[in-house]
Amino acid sequence: MGFRLAMTVAAALLTTIGLTAAAYNFTQGQTDQAIAFGWPAIAIAIAFAIVIPSQSRANSQIQDLLDSGLKNGS
């Protein structure tokens with residue numbers, strides 16, 4: 001849980017920094033630099049989203065409980 005949270009926060013931080021730099025460059029009229037700062041920020045966010053581990057183990061445990069009839073305490 002902690003590792004997933006740290007990876008999510010890191011992705012959000014890097015994306016925010018990159019898109020902030022892109023927005024600042026747009027306000028200065030430097031469209032080429034805005035694009036140069038913007039697309040890597042989005043690419044990093046997508047790469048982090050791919051690397052972050054899934055919750056498949058937790059989901060499979062819940063599915064096992066549901067399949068065994070333990071749903072709602074029965």
Side-chain angles (χ1 to χ4, degrees):
M1 172 73 177
F3 180 71
R4 291 186 73 231
L5 179 62
M7 292 288 285
T8 304
V9 169
L13 182 64
L14 288 172
T15 304
T16 302
I17 291 170
L19 292 179
T20 301
Y24 176 75
N25 283 319
F26 266 129
T27 63
Q28 301 299 314
Q30 300 169 342
T31 307
D32 55 341
Q33 287 185 1
I35 293 169
F37 280 118
W39 76 264
I42 295 170
I44 289 171
I46 292 171
F48 269 105
I50 292 170
V51 172
I52 294 173
S54 66
Q55 291 182 343
S56 61
R57 187 174 138 216
N59 289 338
S60 67
Q61 290 173 347
I62 293 169
Q63 189 62 41
D64 290 342
L65 288 175
L66 292 174
D67 291 341
S68 68
L70 295 177
K71 181 180 175 185
N72 296 329
S74 61

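Owing to the predicted nature of the structure, the values given are computational and were not obtained by experimental measurement.
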task: Run through the side-chain heavy atoms of Ile, Leu, Val, Met, Phe, Trp and Tyr, join any pair under 4.5 Å, and report what else lands in Leu13's cluster.
output: Ile17
I'd like a table of donor-acceptor pairs (distance under 3.5 Å, sequence neighbours excluded) in which one partner is a side-chain atom from residues 19-27, with atom names and distances.
| unit_1 | atom_1 | unit_2 | atom_2 | d |
| --- | --- | --- | --- | --- |
| Thr20 | OG1 | Thr16 | O | 2.6 |
| Asn25 | ND2 | Ala21 | O | 3.1 |
| Thr27 | OG1 | Tyr24 | O | 2.5 |

Co-members of the apolar cluster containing Trp39 [side chain, <4.5 Å]: Ile35
statement: Rounded to the nearest 0.5 angstrom, the CZ-CG distance for Phe48 and Leu14 is 5.5 Å
